[in-house]
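Computed from a predicted model, the values in this text were never measured in an experiment.
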Amino acid sequence: MRLFVDSADADAARRAASLGYVYGVTTNPTLLRRAGLRRPDLDAWVQAVPDALREIHLQVYADDADGMVTEARTLHALDPARIVVKIPATPAGYRAAHLLGRDRVPVTMTAVFSVRQVILAAAVDARYAAVYVGRLPKDRWGLVRRMMAAAQAQRPPLRVLAATVRTANDVERLAMLSVPAATLPPDVLRALPEDPATARAVRRFRADAAYLR
């Protein structure tokens, strides 16, 4: 599973990179606003993201297809090797993604809530479909299962990217459903290795190691 840190905080991105198991960073306009960033700040922010994070997901702001395409090209040019452009799963968004595919600009369709939106993401050759797992209806795991079936039926398969993941246990459930990518808040990401049984075992190892010296 590709794990991403969901944050527009440069320090959080650096800390995530140091963990060793984080693939990239995802952002959106809400996170950028919370971090106090504006469009002119993105150039410096992208440069501050460590090279260890192999993908940087930045979202367009426009609502119309032409505006999305223009913004996407500008964002992608900030770091063509790493930036994946996030585009909302709207009619205008799918048209923009189709047009960007001609320029080989990698795209994540975001705010995905239905199986048909996953199918359309594959139809426009998006790299990811960002599913807001934490905001899905009560049968969310059944819906994720159906989304995964639709994604895996594509050639090549589309990557479902689970977003709004709120607990470490959710990550386990996603992995059991073969979801290939997830973006997590920094605190959830850091908590993944923690387990009380592991902590007890490590304390015992330390005590025995002290005896061996």
Inset, instruction - Mind checking side chain to side chain donor-acceptor pair (under 3.5 Å) for R206 and listing every partner two or more places apart, or none if nothing turns up? - result: none

Legend entry - Results of side chain to side chain donor-acceptor pair (under 3.5 Å) for T90 - residues two or more places apart only: none

Legend entry - Hydrophobic cluster membership, L158 vs V115, 4.5 Å side-chain cutoff: yes

Legend entry - Qualifying residues under side-chain contact (heavy atoms from CB on, under 4.5 Å), relative to S178, sequence neighbours excluded: M148, Q152

Inset, instruction - Please answer whether the main-chain N or O of A168 pairs with a side-chain N or O of E172 as donor and acceptor at a distance below 3.5 Å. - result: no

Inset, instruction - State, yes or no, whether a side-chain contact exists between T110 and Y132 at a heavy-atom distance under 4.5 Å. - result: yes

Legend entry - Pair D9 + R14: basic N to acidic O under 4.0 Å: no

Legend entry - Heavy-atom donor-acceptor pair, T198 side chain to E194 backbone, under 3.5 Å: no

Inset, instruction - Search all heavy atoms of H76 against all heavy atoms of I83 and return the closest pair with its distance. - result: CD2-O, 3.3 Å

Inset, instruction - Determine, using the 4.5 Å side-chain heavy-atom cutoff (strictly less than), whether V84 and V69 are members of one ILVMFWY cluster. - result: no

Inset, instruction - Compare all side-chain heavy atoms of P185 with those of R166 and state whether any distance is below 4.5 angstrom. - result: no

Inset, instruction - Taking W45 for its side chain and A8 for its backbone only, find out whether a donor-acceptor pair lies under 3.5 Å. - result: yes

Inset, instruction - Check each of V49, T183, L58, D6 against V25 using the side-chain contact (heavy atoms from CB on, under 4.5 Å) test, and report the only one that passes. - result: V49

Inset, instruction - Would you check if V22 and L53 make a side-chain contact, meaning some heavy-atom pair closer than 4.5 Å? - result: yes

Legend entry - Audit row: D195, R200, salt bridge (charged side-chain N to carboxylate O under 4.0 Å, His left out) steps and yes/no: CA-CA 9 Å; D195 188 282; R200 289 192 296 271; 5.9 Å; no

Legend entry - Distance (rounded to the nearest 0.5 Å) between L177 CG and R145 CZ: 5.5 Å

Inset, instruction - Give a yes or no on whether V171 and W141 share a hydrophobic cluster (residues Ile, Leu, Val, Met, Phe, Trp, Tyr; joining criterion: side-chain heavy atoms under 4.5 Å apart). - result: yes

Legend entry - Shortest non-hydrogen separation from D41 to G36 and the atoms involved: OD2-O, 4.1 Å

Inset, instruction - With rounding to the nearest 0.5 Å, note down the distance linking OG1 in T26 to CG in L31. - result: 7.0 Å

Legend entry - I87 side chain near L100 side chain, heavy-atom distance below 4.5 Å: yes

Legend entry - Smallest separation among heavy atoms of S7 and A12, with atom names: OG-CB, 3.5 Å

Inset, instruction - Could you pull out the closest heavy-atom pair between R159 and P180, with the gap in Å? - result: NH1-CB, 3.6 Å

Inset, instruction - For residues P106 and V85, determine if any side-chain heavy atom of one lies less than 4.5 Å from a side-chain heavy atom of the other. - result: no

In a table with atom names and distances, give each donor-acceptor pair under 3.5 Å that connects a side chain of residues 121-131 to protein atoms at least two apart or in another chain.
from, atom 1, to, atom 2, distance (Å)
R127, NH1, E55, OE2, 3.0
Y128, OH, R2, NH1, 2.7
Y128, OH, E55, OE1, 2.8
Y128, OH, E55, OE2, 3.2

Legend entry - Minimal non-hydrogen separation, M109 against A97, with atom names: SD-CB, 3.7 Å

Legend entry - V179 and L161, any side-chain heavy atoms less than 4.5 Å apart: no

Inset, instruction - Report whether Y21 and V165 are members of the same hydrophobic cluster (ILVMFWY, side-chain heavy atoms less than 4.5 Å apart, transitive linking). - result: yes

Inset, instruction - Please confirm whether the backbone N or O of F205 pairs with a side-chain atom of D208, one donor and one acceptor, at under 3.5 Å? - result: no

Inset, instruction - Run the numbers on L189 and L3 for side-chain contact (heavy atoms from CB on, under 4.5 Å), then give the verdict. - result: CA-CA 8 Å; L189 200 60; L3 296 175; 4.3 Å; yes

Inset, instruction - Can you sort out the partners of D51 under side-chain contact (heavy atoms from CB on, under 4.5 Å), two or more places apart, ordered by chain and number? - result: R82

Legend entry - Donor-acceptor pair, side chain of Y23 and main chain of A52, under 3.5 angstrom: no

Inset, instruction - Answer with yes or no whether the hydrophobic clustering places L75 together with L37; edges join I, L, V, M, F, W, Y residues whose side-chain heavy atoms lie under 4.5 Å apart. - result: yes

Inset, instruction - May I ask you to test the L184-F4 pair for a side-chain heavy-atom distance under 4.5 Å? - result: no

Inset, instruction - Tell me, yes or no, whether the heavy-atom count around D11 atom CG, taken from other residues, nucleotides or ligands under 6.0 Å, exceeds 12. - result: yes

Legend entry - Pairing residues for R39 by the salt bridge (charged side-chain N to carboxylate O under 4.0 Å, His left out) criterion, not counting sequence neighbours: D43

Legend entry - Reported OG1-to-CG distance for the pair T167 and N169, which is rounded to 0.5 angstrom: 5.0 Å

Inset, instruction - Mind checking the CG-CD spacing from L32 to Q59? Nearest 0.5 Å is all I need. - result: 9.0 Å

Inset, instruction - Any chance you could measure M147, atom CE, to Q117, atom CD, to the nearest 0.5 Å? - result: 7.0 Å

Legend entry - Residue pair R190 / L19, side-chain heavy-atom distance below 4.5 Å: yes

Inset, instruction - Examine distances only and state if a side-chain atom of K86 and a backbone atom of T27 form a donor-acceptor pair shorter than 3.5 Å. - result: yes

Inset, instruction - Can you see which heavy atom on P88 is nearest to which on M68, and at what distance? - result: CD-CE, 4.4 Å

